[in-house]
Amino acid sequence: MTVIPNFDSDDSDRKFVIICSKGNLDMAYPALVLANAALGEGIETHLFFTFWGFDMIIDSRMDDLQFSPAGNTAMHFPVKGKDIRIPQAVMPLPGMTGMATKMLKDQLEAMDIPPVRDFLDQIVGAGGHLWGCQMSADMNKVDMDDMYEGVEDIINATDFIEMTDGAQLLFI
Amino acid sequence: MATATIAGKEVHINEEGFLTEFDEWDEEIAAELAKNIDVEMTDEHWKLIKWLREDYKEKGETATTRRVQSVGGIPTKQQFAMFPKKPAKKMSYIAGVPKPKGCV
């Protein structure tokens with residue numbers, strides 16, 4: 001009996017669109033991981049960056065996204081078998097965001113998960129499409145010159161609606 | 001566990017058709033597996049497939065496309081060109097290793 005995997009025939013019309021609206025380091029990754037996975041399955045994939053998510057594609061900011069544990073009661077220290085939390089009152093103190101950001105970046109690196117820029121390079125290399133939001137660009141006083149090189153264009157709400165015809169949408 | 005005859009050899013496969021025994025693989029089998037999924041094997045393909053097997057042997061798990069780039073040195077874009085649409089699955093199928101488990 002010979003079984004030949006069916007790699008090419010299924011889901012060829014599937015289209016996946018993720019709206020990235022957050023600029024915190026921890027909130028950048030869900031979209032990056034899922035976009036990368038979708039592309040690896042041969043699915044047409046688009047990322048649309050809007051509001052705070054714009055920091056993910058502004059060239060001068062994308063390498064410096066931060067993670068703040070303030071207001072996040074679900075943050076536990078990653079120690080096997082122990083449950084260590086820091087009281088929320090301590091979180092806004094100077095240096096906490098920097099420390100938490102460094103910890104998160106170290107963990108990602110240890111798992112060979114790329115930094116935001118490298119991850120976007122990989123997504124573009126895999127055929128993913130990146131789009132900026134016109135209104136966010138206007139609000140942030142930036143244009144295509146300020147964008148990461150992989151961004152195809154800055155588009156408006158109507159363009160977005162047209163582009164997502166028939167797509168599966170995810171808002172992050 | 002099912003068996004199949006590939007390139008005249010009896011090998012063990014799973015329900016998707018992936019080889020399940022690392023040591024049953026050889027280049028003739030790989031060539032036939034590649035033909036099954038319409039991948040034309042060039043020197044670059046062989047190099048990648050052999051690296052994937054070496055890496056699997058060392059690590060005990062299949063490299064993701066990320067690792068093929070960061071450790072294997074073959075850029076994602078090239079992987080997609082060599083194994084269109086689903087590079088991770090196609091290269092692991094030909095290399096006789098399981099599909100990668102990692103998310104990235």
Task: Reference residue A/F48; test ring pair (Phe, Tyr, Trp, His ring centres under 6.0 Å); the match among A/F171, A/F160, A/W131 - done: A/F160

Task: Most chain A-contacting option - heavy-atom pairs closer than 4.5 Å, from B/Q78, B/E16, B/Q79 - done: B/E16

TODO: Tell me whether the centres of the aromatic rings in B/Y93 and B/F18 are closer together than 6.0 Å.
DONE: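 Here the rings of B/F18 and B/Y93 have centres that are less than 6.0 Å from each other.
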
Open item on the list: Using heavy-atom distances under 4.5 Å, tell me whether A/N36 contacts chain B through its side chain, its backbone, both, or neither.
Closed with: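 Only the side chain of A/N36 comes within 4.5 Å of chain B.
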
TODO: For each of A/D121, A/L39, A/D118, A/I113, tally heavy-atom pairs with chain B at distances under 4.5 Å, and name the one with the top tally.
DONE: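 Looking at each of A/D121, A/L39, A/D118, A/I113 in turn, A/L39 comes out on top.
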
TODO: Validate the cation-pi geometry between A/R85 and A/F77: distance from NZ or CZ to the six-membered ring centre under 6.0 Å, angle to the ring axis within 45°.
DONE: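 No; the conditions do not both hold, so A/R85 does not lie above the ring face of A/F77.
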
Task: Test: B/K9 and B/D26 ion pair at under 4.0 Å - done: yes

